[in-house]
Every structure is written in C-alpha cells, then in structure tokens.
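Just so we're on the same page: letters track the sequence lines, and every chain starts at 1. Remember, it's a predicted structure, so these values are computed and weren't measured experimentally.
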There are 2 protein chains.
Amino acid sequence: MNESPGGVDLLGVLAYAELSAFTRMTEDAALLAPSLADRTALSELAVAEYEHFRLLCERLTELGADPEGAMLPFAEALDAWHTQTKPADWLQALVKAYVGVGIALDFYREAARRLEPSIAKLVDEVLADGGRAGFVVERVRAALASDPAASGRLALWARRLVGEALSQAQRIAAARPELARMLEESVADDQADISRLFATLTEEHGKRMSALGI
Amino acid sequence: MNESPGGVDLLGVLAYAELSAFTRMTEDAALLAPSLADRTALSELAVAEYEHFRLLCERLTELGADPEGAMLPFAEALDAWHTQTKPADWLQALVKAYVGVGIALDFYREAARRLEPSIAKLVDEVLADGGRAGFVVERVRAALASDPAASGRLALWARRLVGEALSQAQRIAAARPELARMLEESVADDQADISRLFATLTEEHGKRMSALGI
C-alpha cells in the first residue's frame with residue numbers, strides 16, 4: 001500500500017467523513033429532533049456511520065497505515081463543510097443527512113471503483129444505504145404535505161449543501177495532489193469517464209431530491 | 001408490567017441516561033479530545049452506551065411500554081445534570097465518562113436488584129463495563145504522572161459530578177413518587193439495606209477514584 005498513497009488517502013478521507021457525520025448527526029439529533037422518537041431515529045443513522053468508520057479504520061490498519069495519520073489531512077476541509085452547513089432546523093438536518101451525506105458517499109463510491117478495485121468492495125459495503133432512505137424520506141414528505149411552501153426553502157438548502165461540498169472537494173484536491181492525480185490518471189484513460197462520473201453523481205442526487213418531493 | 005409503573009420508570013430513566021451519555025460523550029470527544037485516536041476511543045464508549053440504549057428500548061417495547069413515554073419524565077433532570085457538569089477539558093471529560101457515569105450506573109444496578117429481579121439481569125448486562133476502565137484509567141494516570149498537581153482539581157471535579165447527581169436524583173424522586181415508593185418499600189423490609197446501598201455506591205466510587213490515582 002506504500003505504492004498507493006492515493007488509496008490510503010481515499011480510505012482516510014472516507015473514514016473522517018464517516019466520523020464527522022457520526023458526530024454531527026448525533027448533535028443534530030439532540031439539538032433539533034422534535035421528539036425522542038425522532039432523536040432516536042437520527043441517532044441510529046449516526047451510529048451506522050460510526051460502524052462504517054470502524055470498518056475503514058480496520059482496513060487502514062491492515063494495510064499498515066495509521067488511521068489517525070490517514071484522516072488528519074482531511075479533517076479541516078470536512079469540518080469546514082459541516083460548519084458551513086449547520087442545519088437551522090429539523091428538516092434541514094434530515095435533508096443534510098440524506099442529500100448531503102448521499103452525494104459525498106456517491107463520490108467516494110465512484111472514486112473507489114476507478115482508483116482501487118481492491119477496496120471498491122469494502123467501500124460499497126460501507127456505503128450501502130442502511131435504511132437511511134426510509135426514515136428520512138417519510139419524515140420529509142410528511143412535513144412537505146402539511147407545509148408545501150417549505151419545498152422551495154429545502155431545495156435551496158440542498159443546493160447549498162452540494163455547492164459547499166464541491167468547494168471543499170476542490171480544496172482537498174489542491175492539498176492532496178496524489179489523490180487528485182490518481183483520479184485524473186484513471187480518467188485520462190477514458191476521456192468520457194469524467195463526464196460519466198458527474199452524470200452518475202447528478203443522476204443519483206436528482207433521485208434523492210425526487211424521493212424527498214423537493 | 002402495568003402493575004409495576006416503578007419498573008417502567010426504572011428502565012425509562014436508565015434508557016434516557018444511556019441516550020444522553022451517548023450524545024454528550026460524542027460531543028466531548030469531538031470538542032475536547034487532543035487527538036483523533038483519543039476522539040475515537042471516547043466515541044467507542046459513546047457508541048457502547050447507545051447499544052445499551054437500544055437493548056433497553058427493546059425491553060420497554062416487549063413490556064408494552066412506549067420507550068419515548070417512559071424516558072420523557074426524566075429527560076429534564078438528566079439534561080440538567082449534563083449542563084451542570086459540562087467538562088472544561090479532556091481530563092474532565094474522561095473523569096466524567098468514568099466516575100460520573102459509573103456512579104449513576106451503580107445506582108441503577110442496585111435499584112434494579114432490589115425492585116425488579118426480572119429486569120435485574122438485563123440491567124446487569126447493559127451496565128457491564130465494556131472495557132471503559134482500561135482506556136480512561138490509562139489516559140488519566142498518564143496525565144497525572146506528568147502533572148501531579150492536576151490530581152486535586154480532578155478530585156474536586158469528581159465530587160461535583162457526584163453532588164450534582166445526588167441533587168438531580170432527589171428531583172427525580174420528588175417527581176416520580178412510584179419509583180421512590182418502590183425503593184422505600186423494598187428497603188423497609190430490611191432496615192440495614194439502605195445503608196448497604198450507600199455503602200456499595202461509596203465503595204465502588206472509591207475504587208474508581210483509586211484506579212484513576214485521584
């Protein structure tokens with residue numbers, strides 16, 4: 001794995017993404033959930049992220065990498081994303097858990113598929129949607145049914161989540177040239193691939209937005 | 001279980017104690033841990049609390065009780081305890097995770113043994129120390145070895161944790177007469193029992209303080 005610092009980077013950024021999602025969802029659940037049942041439901045998603053984090057750390061250790069060292073270069077950019085996208089209410093927290101985390105995880109899945117076929121299976125496993133859809137979709141749709149005007153505000157919020165994510169992704173690409181180079185090289189083999197990557201991300205994002213009724 | 005509202009109360013207060021310990025430890029880990037390895041270690045303890053919370057909710061549901069309804073009467077007192085005992089630094093967070101949570105959980109164990117033999121086994125299982133000792137003891141002892149003067153400040157902090165816990169326990173006893181009455185009645189059968197209860201709590205607390213070297 002010493003020959004593949006980009007691979008360690010990929011697992012590192014994903015591990016820190018899971019750890020910080022766990023922390024922020026737990027916090028959002030405690031601060032914003034309108035009931036203890038809702039708080040429990042979002043905490044369940046948070047703990048699922050933590051279980052993914054554990055798997056990624058185990059894999060990093062197996063590869064001879066130090067999980068802390070692998071995560072550290074990405075902590076600032078990911079923390080900045082969370083600071084820029086602090087939900088103001090429960091619906092924003094739900095949309096963030098579903099749409100914001102969803103697009104980030106789609107990116108990691110696609111990147112892993114292109115960069116490191118050997119870890120693609122683990123990443124697929126980690127990123128499998130553990131029933132996130134059901135709970136969030138149901139809550140958001142119910143809220144929009146009783147307050148249709150909220151849809152426009154949530155659409156704006158979802159765009160902000162994606163915009164801030166792209167801005168942090170650029171920052172990471174600039175700071176981690178190995179990771180960026182690996183992605184560029186894998187894409188250079190097939191010029192159409194970068195378009196396909198963005199097409200996939202956009203398509204999956206669109207599906208999530210429709211599912212929410214936004 | 002309808003004949004035993006004290007039993008549902010006991011599971012409810014314990015469930016909310018686990019849920020709030022999960023939330024606060026996750027928050028302390030993110031805000032105060034000096035390294036990502038430390039943050040991970042405290043987050044592991046937080047997630048272990050969450051797993052206990054899950055078991056308790058399942059048991060409440062089996063008993064025909066609504067977990068949310070069972071927890072709600074205790075949320076304010078337990079949240080107040082956390083607000084009164086917000087750690088100012090990493091060592092305070094560790095001592096709180098070990099000493100503060102420890103004494104509360106000892107109390108629940110002893111109460112369950114006296115009140116509801118049928119749930120005592122579950123409570124024992126939930127409260128089994130999942131390696132909490134090892135990590136916290138090691139970190140606190142190492143910190144005190146390099147800064148012996150911190151010991152006095154941490155001893156004061158531990159007393160505050162216990163004092164605030166007693167004050168919230170009195171508040172709960174006043175608000176939940178069934179729970180208080182069940183404890184009193186079980187103790188009335190054996191006048192020496194209340195002394196033994198406090199002796200056990202004090203002894204276990206003393207053991208934890210010695211383990212930490214405070």
Side-chain angles (χ1 to χ4, degrees), chain A residues 11-58 60-61 65-76 78-80 82-83 86 93 130, chain B residues 11-58 60-61 65-76 78-80 82-83 86 93 130:
Chain A
L11 289 171
V13 67
L14 183 49
Y16 193 81
E18 295 285 2
L19 180 63
S20 58
F22 157 71
T23 302
R24 301 307 177 121
M25 280 186 200
T26 300
E27 193 179 280
D28 291 347
L31 290 175
L32 302 172
S35 71
L36 278 175
D38 285 319
R39 176 169 168 185
T40 303
L42 191 56
S43 300
E44 279 289 332
L45 296 189
V47 171
E49 304 290 347
Y50 191 82
E51 283 156 4
H52 300 159
F53 164 72
R54 253 191 217 141
L55 287 177
L56 292 160
C57 286
E58 279 165 22
L60 279 163
T61 306
D66 166 43
E68 181 164 9
M71 287 189 278
L72 217 47
F74 307 104
E76 210 179 311
L78 288 165
D79 286 346
H82 282 291
T83 306
K86 212 171 161 61
Chain B
L11 289 171
V13 67
L14 184 48
Y16 194 81
E18 295 285 2
L19 180 63
S20 60
F22 157 72
T23 303
R24 301 306 177 123
M25 280 185 200
T26 300
E27 192 179 280
D28 292 346
L31 289 175
L32 302 172
S35 71
L36 278 175
D38 284 318
R39 177 170 168 185
T40 302
L42 190 57
S43 299
E44 279 288 332
L45 296 190
V47 170
E49 304 290 346
Y50 191 83
E51 284 155 4
H52 300 160
F53 164 73
R54 254 191 217 141
L55 287 176
L56 292 160
C57 286
E58 279 164 22
L60 279 163
T61 306
D66 165 43
E68 181 164 11
M71 286 189 278
L72 218 47
F74 307 105
E76 209 179 311
L78 288 164
D79 286 347
H82 282 292
T83 306
K86 212 171 161 63

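Interface summary for chain A: among B:A30, B:C57, B:A75, B:S35, the most heavy-atom pairs under 4.5 angstrom belong to B:S35. Contact count versus chain A (heavy atoms, under 4.5 Å) is highest, among B:A37, B:S43, B:A46, for B:S43. Interface summary for chain A: among B:E27, B:R54, B:M71, B:E68, the most heavy-atom pairs under 4.5 angstrom belong to B:E68. Taking A:D79, A:T23, A:L72 one by one and counting their heavy-atom pairs under 4.5 Å with chain B, the maximum is reached by A:T23.
Here the side chains of B:L60 and B:D66 are not in contact, with every heavy-atom distance at 4.5 Å or above. A:L36 has its side chain within reach of B:Y16: a pair of non-hydrogen atoms, C-beta onward, lies under 4.5 Å apart. The closest side-chain heavy-atom distance from A:L78 to A:L19 is not below 4.5 Å. Taking the side chain as every heavy atom from C-beta outward, A:F74 and A:L14 never approach each other to under 4.5 Å.
With a 4.5 Å cut-off on non-hydrogen atoms, A:E51 touches chain B through its side chain but not through its backbone. Contact annotation for B:R39: only side-chain heavy atoms (C-beta onward) come within less than 4.5 Å of a heavy atom of chain A.
Here the straight-line distance linking atom OH of A:Y50 with atom CD of B:E44 works out to 3.5 Å at 0.5 Å rounding.
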